[in-house]
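Below: the structure, in structure tokens.
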Amino acid sequence: DLLARWVTVRDEAAFTALVRRHGPTVRAIARSRLGNPADADDGFQATFLVLVRTAGSVRDPDQLGPWLYGVAYRTAARHRAR
């Protein structure tokens, strides 16, 4: 499991695979919520930074996609509020 490998041993290949797998969805959310490509890129990066910092808090690895969706949505909403 990629998430477990990232959480336990900080396997960079596992994290890269997670970004490849979930990145398109996260980027699409950021683009749809923020519009500006530079802002969308910032939102994309911020979402995966949250994953880097809090991956251990994902209770169900099978729900990582929805978890990332929620993080991306909230990140974009906060960015828009600024």
Side-chain angles (χ1 to χ4, degrees):
D1 180 54
L2 297 172
L3 184 60
R5 286 184 15 217
W6 171 251
V7 170
T8 58
V9 295
R10 292 295 198 217
D11 182 341
E12 290 183 27
F15 189 79
T16 299
L18 289 169
V19 172
R20 283 191 187 129
R21 180 176 294 170
H22 298 285
T25 300
V26 168
R27 189 172 302 281
I29 295 162
R31 282 186 180 156
S32 71
R33 298 284 296 156
L34 297 170
N36 180 314
D39 290 343
D41 288 344
D42 289 348
F44 175 86
Q45 291 176 1
T47 298
F48 282 101
L49 203 77
V50 170
L51 179 61
V52 165
R53 292 178 180 159
T54 63
S57 71
V58 178
R59 292 185 187 129
D60 182 358
D62 292 333
Q63 294 299 311
L64 180 60
W67 186 88
L68 284 168
Y69 180 97
V71 171
Y73 190 90
R74 289 186 300 277
T75 298
R78 280 191 299 270
H79 187 78
R80 284 184 65 170
R82 289 187 214 154

Query raised in the report: Which word best sums up how the rings of Phe15 and Phe48 line up, parallel for under 30°, tilted for 30 to 60°, or perpendicular for over 60°?
Result: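 Because their plane-to-plane angle is over 60°, the rings of Phe15 and Phe48 count as perpendicular.
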**Report entry** Val52 with Val58, same ILVMFWY side-chain cluster at under 4.5 Å
**Finding:**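 Yes; tracing contacts between hydrophobic side chains, which count when under 4.5 Å, links both residues.
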Report task. Say whether Val19 and Tyr73 are linked into one hydrophobic cluster, either directly or through other cluster members, by side-chain heavy-atom distances under 4.5 angstrom. Result ->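 Hydrophobic grouping puts Val19 apart from Tyr73.
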Requested in this report: Taking Arg21 for its side chain and Ala17 for its backbone only, find out whether a donor-acceptor pair lies under 3.5 Å.
Outcome: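 Flag not set: sc Arg21 to bb Ala17 has no pair under 3.5 Å.
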How far apart are the closest heavy atoms of [X] and [Y], and which atoms are they?
X: Arg31; Y: Ala40; result: CG-CB, 3.6 Å
X: Thr75; Y: Ala46; result: CG2-CB, 3.7 Å
X: Trp6; Y: Ala55; result: CD1-CB, 3.7 Å
X: Arg33; Y: Arg80; result: O-CD, 2.8 Å

Quick check for you: to the nearest 0.5 Å, what is the distance between [X] atom [atom1] and [Y] atom [atom2]?
X: His79; Y: Asp39; atom1: NE2; atom2: CG; answer: 3.5 Å
X: Arg5; Y: Leu18; atom1: CZ; atom2: CG; answer: 8.5 Å
X: Tyr69; Y: Ile29; atom1: OH; atom2: CD1; answer: 5.0 Å
X: Trp67; Y: Thr47; atom1: CH2; atom2: OG1; answer: 9.0 Å

**Report entry** Set of residues satisfying salt bridge (Lys or Arg N to Asp or Glu O under 4.0 Å) with respect to Arg27, sequence neighbours excluded
**Finding:**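 Residues passing salt bridge (Lys or Arg N to Asp or Glu O under 4.0 Å) with Arg27: Asp41.
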Report task. Output all residues satisfying side chain to side chain contact (heavy atoms under 4.5 Å, CB included) with Pro61, sequence neighbours left out; order by chain, then residue number. Result ->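 Partners of Pro61 under the side chain to side chain contact (heavy atoms under 4.5 Å, CB included) test: Asp1, Leu3.
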Query raised in the report: Do the non-hydrogen side-chain atoms of Leu51 and Leu68 ever get within less than 4.5 Å of each other?
Result: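 Yes - at least one pair of side-chain heavy atoms lies under 4.5 Å apart.
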**Report entry** Side chain to side chain, Phe44 and Leu34, heavy atoms closer than 4.5 Å
**Finding:**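 A side-chain contact under 4.5 Å is absent here.
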